[in-house]
There are 2 protein chains.
Amino acid sequence: MNLPDLDKVIHERARLRVLACLASHPRHTSSFTELKESLDMTAGNLSSQLSVLEDSEYINIEKKFHGKKPFTEVRLTDKGAEAFEKYIEALDQMIAALKAKK
Amino acid sequence: MNLPDLDKVIHERARLRVLACLASHPRHTSSFTELKESLDMTAGNLSSQLSVLEDSEYINIEKKFHGKKPFTEVRLTDKGAEAFEKYIEALDQMIAALKAKK
DNA sequence: TTTTTATAGTTTGTAATACAAACTAGTTTA
DNA sequence: TAAACTAGTTTGTATTACAAACTATAAAAA
């Protein structure tokens with residue numbers, strides 16, 4: 001069996017969702033609120049998970065304003081995009097190996 | 001984005017490896033020792049993870065003897081095989097969606 | 001025979017962590 | 001001016017992944 005060592009930071013389900021969301025955005029960018037709504041996460045959980053991703057330098061977070069409203073921009077870094085791609089590639093290979101064996 | 005709700009029991013990395021191992025065996029069966037060696041896990045961790053899988057009825061565990069040596073047989077149940085297949089299918093679709101978007 | 005070592009696991013303890021509830025801070029509406 | 005809303009963060013807790021320590025038996029060595 002070809003069992004890859006999957007990136008622990010990415011593998012967590014909530015974070016995987018966040019990264020998938022960001023990676024599929026044309027500009028690799030989204031906002032706190034958009035992520036929260038589209039992934040149906042509580043703000044607390046999203047905030048925590050974003051911190052983990054930020055500590056790994058997989059995303060960066062910029063606080064701006066839209067008019068008078070705070071607005072948090074979340075962007076996938078190059079490092080994050082690379083790590084995510086590698087993770088997906090590893091999964092894909094594992095799946096291919098499993099299907100081949102069946 | 002097509003973000004599936006991945007089975008928590010299966011998603012954990014150690015258990016994913018165990019299930020992948022079992023699923024790729026012709027008889028969906030392995031032994032404690034073989035899993036331990038081939039997955040390079042500590043006996044303690046493997047034992048715990050097997051208990052979780054057993055509680056979910058994804059595997060069953062039978063204690064036999066080979067001569068005088070105890071020998072623990074681990075077998076993927078039908079329920080487990082089904083759940084694992086569903087999990088892999090979900091991942092595969094997510095990956096496909098991600099690649100399509102790129 | 002009595003240690004010692006090896007085999008095959010299980011139980012226990014702990015550090016990490018996923019997640020939600022409670023909180024903060026500013027803004028808009030009644 | 002008070003109430004309700006928006007946009008998040010911090011704190012607390014329950015879960016849990018994992019390894020160290022332990023149990024039990026068997027074989028080998030002394």
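Lettering follows sequence order; numbering is per chain, from 1.
- Contact record, A/Lys79 with A/Ser56: NZ-O, 3.6 Å, taken as the closest heavy-atom pair.
- For B/Leu46 and D/dT16, the CG to C1' distance is 16 Å, given to the nearest whole Å.
- Taking side-chain N and O atoms only, A/Lys63 has a distance below 4.0 Å to OP1 or OP2 of D/dT9.
- Every pair tested for salt bridge (Lys or Arg N to Asp or Glu O under 4.0 Å) that includes a residue from residues 16-41 of chain B fails, sequence neighbours excluded, so the list is empty.
- Atom CG in A/Asp55 sits about 13 Å away from atom P in D/dT9, given to the nearest Å.
- Atoms CG (A/Leu6) and C1' (D/dA17) sit 16 Å apart, rounded to a whole Å.
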The contact string for nucleotides 15-28 of chain C, one letter per nucleotide 5' to 3', using protein heavy atoms under 4.0 Å with B, S and - for base, sugar-phosphate only and none, comes out as ---SBBB-----SS
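- Environment of CD in B/Glu82: sparse, with no more than 12 heavy atoms of neighbouring residues, nucleotides or ligands closer than 6.0 Å.
- The minimum heavy-atom distance between B/Gln49 and B/Met41, with the atom names listed, is CG-CE, 4.1 Å.
- Atom pair B/Leu50:CG and C/dA8:P shows a separation of 15 Å (rounding to whole Å applied).
- Within the 4.5 Å cutoff, side-chain heavy atoms of B/Leu3 are placed close to those of B/Met94.
- The number of heavy atoms from other shown groups lying within 6.0 Å of CG (B/Asp78) does not exceed 12.
- Annotation: proximity of residues 25-40 of chain A to DNA chain D (heavy atom, distance under 4.0 Å) is found for A/Phe32, A/Thr33, numbered in ascending order.
- Residues A/Leu76 and A/Ala23 approach most closely at CD2-CA, 4.0 Å, considering heavy atoms.
- Shown here for A/Ile88 and B/Lys99, the closest heavy-atom pair between the two residues is CG2-CE, 4.5 Å.
- Following rounding to the nearest Å, A/Phe71 (CZ) and D/dT9 (C1') show an atom-to-atom distance of 18 Å.
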